[in-house]
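Everything on this sheet refers to the single structure shown next.
As the structure is a computational prediction, the values presented were derived from the model and not from experiment.
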Amino acid sequence: MQVSANTVTFSVALPDGALPPEYLDESGKVSVLANAVAGTMDIVSRAEVTALERLRAGASVAEDSTTLAGLRDRGYVFDDPVVEDANYRGVVDGYFEAIKEAPFQFMFIPSFVCNLACPYCFEGELTRKSPRMTEEMIDAAFDSIPMIQELHENSGPPYITLFGGEPLLDTAPQRESIEQILSRAYDRGYPVTAITNGVALDAYVPMLLEYGCEEVQVSLDGTPEVHDTRRVFRNGKPTFKLIERSIDVAAAAGLRVLIRVLVDLDSVGQMPEFAEFALAKGWIDNPKIRLFYGFTKQTSFLYVTPDHPPEKREKMVRGDVKPSLQEAFYRMLRDNPLVDRMLEPDPARIRAAVLEGDRVRPNLQGCSAGTSVVAFDPNGKVYGCPETVGRPQHACGDYFPGFRYSGGYREPWRHRHVDTVEMCRECNVKLFCGGGGCPIKAWAASGGDFNTCYCPKVSTIKTRVESELAYLLPMALQRRQSRTASGSPEKGMGTWDQMTTVGSFPWMT
């Protein structure tokens, strides 16, 4: 019997009295085991942790046989290395095989121009002046879609996303380009979505509906007091009211609307007020509207080229969310359940496992860039990540005037995962980190090698999961207490039943 290499022990601080003493270690924290291959995550007692560590150290475990049998049933230890390896390969290889049939996103950038001057925009100076896609370029982009999917060995359904700059500029030339893109997508049966700042979305709603657009994404940075200090027109005029109106018009017309709320240290304190606003507007309970969040980040890594000296690359390749922001975010959430209801935050991708008894799912990719995303820019270039558009060092080919695809840049990125990156192979938390960190940051930090990792220290990745556990576990325990007090029955057979076996979350027993 051996401890699985994919078994991770997280140490979580919970409120006093949340669990009985036998679940607490010497520091007063609770141990949580997780194995993303087995799909399990369980609170364990001190005795179970001790048995696991004795087995890991090669000590005698005769007295632990009953405990270890339970841990084996949950996938934390194993008897047969062949079966263990097959289970791992089934998860990792199965994921990348499934990507070959996943929807493929093709992003059209009719122009880089934007009418706003957001200080954190990753496109920066590109948004001031730009060429515009011609009708000939739009046709060429659509013609290249089957070729790109063939190169990616992808047979999934293509879908189109309008992107920018600001795609929905309310000008005659821009409306012409947008209608050309929409009509060609409609003729081919490709679904369409749009990512827009929202200030002129209401004017485009009839056209979007005419050509079957299914979903739009807009951004609001919290309350008007915060939003209108940064998401402003180039002359400084505010935009909140215009975007608010566009959201209401689009949702009322039947479009799905995603509202992305950007959070940083300046706006996190305003989230409770914004949640009250969203509730009063009917947005939180509207089935056509979903609110989600993202943290602002530094984007200097997009400017790195392989010939930059190592010390410059190291300085420019930054932007991970600061611990102080994460801590402030969770403090705010604990005191404001309406914000949790609005955003349902899940940065470590474990929320469903903790609150619903779902499987723990491996985080093999932080995003789909590299495998099933391509962006066409107004210069005739093809990019694999929307954040890199307009940066020539990241172009992976051309779609106009002729088609060219750079396998030397794209292929290592497309095939990159935790087994192709040497530093990731033996990492205990590799199935929780998103596949070795952002590929573009890895490429930039290493001087042009995708098969490297760019991730925080292992301790930082564990801290991210532990922070979310510290937030979610009290909620789950409270739900259990509420069910017990009300006499409500537990869920039936299946995942919930399996989670009640040895070592399982105590609120599911």
Side-chain angles (χ1 to χ4, degrees), residues 107-130 132 161-171 174 178 193-204 216-247 250 257-271 273-274 277-278 291-303 316 318-322 325 329 343 367 369 375 377-378 383 385-391 394 438 440:
M107 308 182 80
F108 279 70
I109 305 170
S111 167
F112 284 123
V113 169
C114 182
N115 47 358
L116 302 192
C118 307
Y120 46 69
C121 178
F122 61 83
E123 290 185 358
E125 75 287 350
L126 295 172
T127 63
R128 290 185 173 274
K129 186 178 181 180
S130 167
R132 186 169 56 88
T161 296
L162 303 174
F163 194 58
E166 169 49 39
L168 305 186
L169 291 173
D170 196 12
T171 65
Q174 190 83 348
I178 292 298
T193 66
I195 298 175
T196 169
N197 60 34
V199 298
L201 168 61
D202 56 334
Y204 270 89
V216 294
Q217 177 185 310
V218 303
S219 293
L220 284 173
D221 283 9
T223 62
E225 289 76 16
V226 174
H227 175 97
D228 283 337
T229 64
R230 48 201 200 180
R231 295 191 73 83
V232 296
F233 287 108
R234 294 197 179 276
N235 61 8
K237 289 186 177 181
T239 63
F240 187 94
K241 287 294 184 182
L242 294 172
I243 300 170
E244 177 190 351
R245 169 182 160 76
S246 283
I247 291 169
V257 182
L258 306 182
I259 304 174
R260 183 171 185 252
V261 184
L262 283 171
V263 179
D264 57 23
L265 288 173
D266 294 325
S267 65
V268 66
Q270 297 290 319
M271 285 299 106
E273 183 180 345
F274 178 73
F277 170 84
L291 294 103
F292 68 107
Y293 77 100
F295 293 123
T296 56
K297 62 183 181 181
Q298 183 177 332
T299 58
S300 58
F301 69 95
L302 297 171
Y303 297 84
M316 295 177 70
R318 295 179 180 175
D320 297 306
V321 179
K322 294 180 179 179
L325 175 55
F329 186 61
L343 300 177
C367 69
D377 87 347
Y383 292 86
C385 168
E387 290 192 3
T388 65
V389 294
R391 314 296 173 193
H394 292 296
C438 172
I440 298 300

Ring-face cation of Arg391 near Tyr303 (centre distance under 6.0 Å, axis angle within 45°):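 Yes, cation above the ring, under 6.0 Å and within 45°.
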Considering non-hydrogen atoms only, spot the tightest contact between [X] and [Y] and give its length.
{"X": "Val226", "Y": "Thr229", "result": "O-OG1, 2.6 Å"}
{"X": "Gly390", "Y": "Leu126", "result": "CA-CD1, 3.8 Å"}
{"X": "Tyr293", "Y": "Val263", "result": "CB-CG2, 4.1 Å"}
{"X": "Leu291", "Y": "Ala278", "result": "CD2-CB, 4.4 Å"}
{"X": "Phe240", "Y": "Thr223", "result": "CE1-C, 4.1 Å"}
{"X": "Ser219", "Y": "His227", "result": "O-CE1, 3.9 Å"}

Under-4.0 Å salt bridge between Arg128 and Glu125: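 Salt bridge absent between Arg128 and Glu125.
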Rounded to the nearest 0.5 Å, what separation is found between the [atom1] atom of [X] and the [atom2] atom of [Y]?
{"X": "Asp221", "Y": "Phe274", "atom1": "CG", "atom2": "CZ", "answer": "9.0 Å"}
{"X": "Leu343", "Y": "Met271", "atom1": "CG", "atom2": "CE", "answer": "7.5 Å"}
{"X": "Lys237", "Y": "Leu242", "atom1": "NZ", "atom2": "CG", "answer": "10.5 Å"}
{"X": "Ile440", "Y": "Glu387", "atom1": "CD1", "atom2": "CD", "answer": "9.0 Å"}
{"X": "Thr196", "Y": "Leu201", "atom1": "OG1", "atom2": "CG", "answer": "5.5 Å"}
{"X": "Ile259", "Y": "Ile243", "atom1": "CD1", "atom2": "CD1", "answer": "10.0 Å"}

[X] side chain vs [Y] backbone, donor-acceptor pair below 3.5 Å:
{"X": "Thr161", "Y": "Thr193", "value": "no"}
{"X": "Glu123", "Y": "Gly165", "value": "yes"}
{"X": "Ser300", "Y": "Met316", "value": "yes"}
{"X": "Asp377", "Y": "Val389", "value": "no"}
{"X": "Gln174", "Y": "Pro167", "value": "yes"}
{"X": "Ser111", "Y": "Ser130", "value": "no"}

Do [X] and [Y] come close enough that some side-chain heavy atom pair is under 4.5 Å?
{"X": "Leu262", "Y": "Tyr120", "answer": "yes"}
{"X": "Asn197", "Y": "Cys114", "answer": "yes"}
{"X": "Lys241", "Y": "Asp228", "answer": "no"}
{"X": "Pro110", "Y": "Ile178", "answer": "yes"}

Stepwise side-chain contact (heavy atoms from CB on, under 4.5 Å) test for Phe277 and Gln270: CA-CA 11 Å; Phe277 170 84; Gln270 297 290 319; over 6 Å; no
Leu220/Ile247 under side-chain contact (heavy atoms from CB on, under 4.5 Å): CA gap, chis, key distance, verdict: CA-CA 10 Å; Leu220 284 173; Ile247 291 169; 3.8 Å; yes
Residue pair Cys118, Arg230: steps toward the side-chain contact (heavy atoms from CB on, under 4.5 Å) verdict: CA-CA 5 Å; Cys118 307; Arg230 48 201 200 180; 5.9 Å; no
Test side-chain contact (heavy atoms from CB on, under 4.5 Å) applied to Phe292 and Arg260, step by step: CA-CA 5 Å; Phe292 68 107; Arg260 183 171 185 252; 3.5 Å; yes
Arg245 atom CZ: more than 12 heavy-atom contacts under 6.0 Å: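 Result for CZ/Arg245: open.
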Plane angle bin for Phe329 and Phe295 - parallel if under 30°, tilted between 30 and 60°, otherwise perpendicular: perpendicular
Between Asn115 and Glu166, a side-chain donor and acceptor under 3.5 Å: no
